[in-house]
Amino acid sequence: MPELPEVETVRRQLEKVIVGKEIARIEVFKAKSWSGEIPTVLHQQVKGVNRRSKVLLIRLTNDLTLMVHLKMSGQLIYVDGAFRTGGGHPTADWIQELPSSHTRIAFTFTDQTKLFFNDQRIFGWVRAVNNHLAEQSLEGLAPDVIDPAITAEYLFQKASKRKMPIKQFIMDNQIVAGVGNIYACDALNLAKISPLRPASSIPKAEMELLLKSMREVVELGIELGGATAHGKYVHVSGLAGKYQDRMRVYDKKGQPCPNCGKMIIKIKLGGRGTFYCPTCQI
DNA sequence: GAGAGTGTTGTAAC
DNA sequence: GGTTACAACACTCT
């Protein structure tokens with residue numbers, strides 16, 4: 001689930017439904033998914049919901065922050081009585097009882113609404129830390145790709161000493177945050193740049209085009225509520241996103257390239273599936 | 001049964 | 001010290 005647009009979508013939906021609510025109860029079903037002192041979080045109100053890269057920051061009244069990372073398969077699902085909130089269309093496997101076998105943590109608010117943290121692969125986590133610690137742990141993260149602090153000049157400079165493939169370069173959170181595998185593949189296709197090119201070989205003008213392309217696909221992703229890739233087993237706050245219908249090359253091996261109509265191929269790069277068009281991405 | 005999956009992090013080797 | 005490569009995390013689906 002988590003690419004930046006998915007996390008931002010969750011953030012926006014959460015903001016609408018949990019700000020102002022008081023946490024009455026926390027059930028931890030999987031110890032590995034949680035860290036923090038539960039009593040410090042109880043009876044606190046949610047002040048706001050922020051995001052930094054792919055980390056959600058749920059701010060509480062006592063200067064504590066609940067940091068949430070969904071990693072590969074996490075979901076935050078808000079349940080208000082019998083209905084899930086949001087806007088959009090529930091998917092078929094929504095008709096399930098919560099907590100489910102993948103529920104790792106459940107928050108209950110004083111008005112009896114609930115927030116479930118589901119995570120199939122248990123890579124994700126929720127941490128209750130004080131604000132200072134939260135900031136500290138985010139220090140190494142570069143600004144988001146949609147942050148004006150990221151400029152083509154900055155990327156060009158950073159890339160100048162890097163021989164690593166450009167795709168790995170733009171997915172490096174210490175360079176620029178928020179570009180995951182799907183959006184990296186799509187941005188490179190939009191910019192017509194081969195994912196294999198060494199980062200240092202990209203001239204400034206092309207870097208400008210690449211940055212513009214990264215922003216374009218990420219912003220489209222946010223607009224469409226993120227992607228729900230690989231069919232059904234991932235949802236955005238319980239609702240399917242629509243970006244998957246607009247993906248350019250990701251998961252489209254053998255299909256025609258949106259630029260030139262030639263066939264998209266799949267390779268492995270840095271251990272990750274990488275889709276691109278060898279005809280026009282050069 | 002093998003391999004792959006939307007993400008990070010730690011370690012080891014250059 | 002900077003950069004790069006790769007395994008590991010744990011589980012489900014193809």
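Sequence lines set the chain letters: A, B, ... in the order given, protein chains first and strands last, and positions in each chain run from 1. Not measured: the values here are computed from a predicted model.
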Exercise. If you measure from the ring centre of A:F123 to the centre of the six-membered ring in the base of C:dA10, is it under 5.5 Å, with the planes under 30° apart?
Worked result: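 Check failed, A:F123 does not stack on base of C:dA10.
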Closest to side chain of [X], choosing from [options]:
{"X": "A:K268", "options": "C:dT4, B:dA4, C:dC11", "answer": "B:dA4"}
{"X": "A:K161", "options": "C:dC11, C:dT3, B:dT8", "answer": "C:dT3"}
{"X": "A:N181", "options": "B:dT6, B:dA4, C:dC9", "answer": "B:dT6"}
{"X": "A:I122", "options": "C:dA10, B:dT6, B:dT8", "answer": "C:dA10"}

Spacing between [X] atom [atom1] and [N] atom [atom2], to the nearest angstrom:
{"X": "A:K242", "N": "B:dT6", "atom1": "NZ", "atom2": "P", "answer": "23 Å"}
{"X": "A:R127", "N": "B:dT8", "atom1": "CZ", "atom2": "P", "answer": "12 Å"}
{"X": "A:D172", "N": "B:dG7", "atom1": "CG", "atom2": "C1'", "answer": "13 Å"}
{"X": "A:K163", "N": "C:dA5", "atom1": "NZ", "atom2": "C1'", "answer": "14 Å"}
{"X": "A:Q120", "N": "B:dT6", "atom1": "CD", "atom2": "C1'", "answer": "12 Å"}
{"X": "A:R162", "N": "C:dT3", "atom1": "CZ", "atom2": "P", "answer": "5 Å"}
{"X": "A:W125", "N": "C:dA8", "atom1": "CH2", "atom2": "C1'", "answer": "17 Å"}
{"X": "A:R51", "N": "B:dG7", "atom1": "CZ", "atom2": "P", "answer": "14 Å"}

Exercise. Judged by modelled atom types alone, do A:N181 and A:K167 share a side-chain donor-acceptor pair under 3.5 Å?
Worked result: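 The criterion, which ignores hydrogens and geometry beyond distance, is satisfied for A:K167 and A:N181.
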Problem set entry | Pair A:D186, A:Y243: side-chain N/O donor-acceptor within cut-off below 3.5 Å |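 A donor-acceptor contact under 3.5 Å links the two side chains.
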For this session: Scan A:G273 against the nucleic acid and name what it touches under 4.0 Å (heavy atoms): base, sugar-phosphate only, or nothing.
Result: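 Result for A:G273 = sugar-phosphate.
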Exercise. Within the structure shown, what part of the strands sits under 4.0 Å from A:G271 by heavy-atom distance: base, sugar-phosphate, or nothing?
Worked result: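 The answer is nothing, as A:G271 stays clear of every strand by at least 4.0 Å.
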For this session: Only one of A:K30, A:M67, A:K32 passes side chain to side chain contact (heavy atoms under 4.5 Å, CB included) with A:W125; say which it is.
Result: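 Of the listed residues A:K30, A:M67, A:K32, the side chain to side chain contact (heavy atoms under 4.5 Å, CB included) partner of A:W125 is A:M67.
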Problem set entry | Euclidean distance for C1', C:dT4 against B:dT6 (whole angstrom) |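 It comes out at 23 Å once rounded to the nearest Å.
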For this session: Determine the interatomic distance between P on B:dA2 and the same-named atom on C:dA8; round to the nearest Å.
Result: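 Per the computed distance, 15 Å lies between those P atoms.
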May I ask you to evaluate whether [X] reaches the phosphate of [N], defined as a side-chain N or O under 4.0 Å from OP1 or OP2?
{"X": "A:H102", "N": "C:dA10", "value": "no"}
{"X": "A:K158", "N": "C:dT3", "value": "no"}
{"X": "A:N173", "N": "B:dG7", "value": "no"}

Problem set entry | 5' precedence on DNA chain B between A:H69 and A:F275 (nearest-nucleotide basis) |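 The residue whose closest nucleotide sits nearer the 5' end is A:F275.
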Exercise. Any donor-acceptor pair under 3.5 Å linking the side chain of A:N62 with the backbone of A:T40?
Worked result: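 Yes; at least one donor-acceptor contact below 3.5 Å.
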For this session: Report the secondary structure of DNA chain C in dot-bracket form, marking unpaired bases with a dot and bases paired to a different strand with |, and treating Watson-Crick or G-U pairs with both distances under 3.5 Å as paired.
Result: .||||||||.||||
For this session: Determine the sole option in A:K47, A:Q45, A:Q44 for which the side-chain hydrogen bond (donor to acceptor under 3.5 Å, both in side chains) test with A:T61 is passed.
Result: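 Answer after filtering A:K47, A:Q45, A:Q44: A:Q44.
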Problem set entry | Candidates A:K54, A:R215, A:R52, A:R51 - the one meeting side-chain hydrogen bond (donor to acceptor under 3.5 Å, both in side chains) with A:D144 |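 One option only clears the test, and that one is A:R51.
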Exercise. Any salt bridge between A:R59 and A:E135, counting N to O under 4.0 Å?
Worked result: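 Here A:R59 pairs with A:E135 in a salt bridge, since their nearest N and O are under 4.0 Å apart.
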For this session: Would you mind checking if A:E8 and A:R11 are paired as a salt bridge, meaning a charged N to carboxylate O distance below 4.0 Å?
Result: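 Answer for the salt bridge query: yes.
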Exercise. So, does the side chain of A:R272 form a donor-acceptor pair with the base of B:dG5 at under 3.5 Å?
Worked result: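 For A:R272, whose side chain was compared with the base of B:dG5, there is no donor-acceptor pair (under 3.5 Å).
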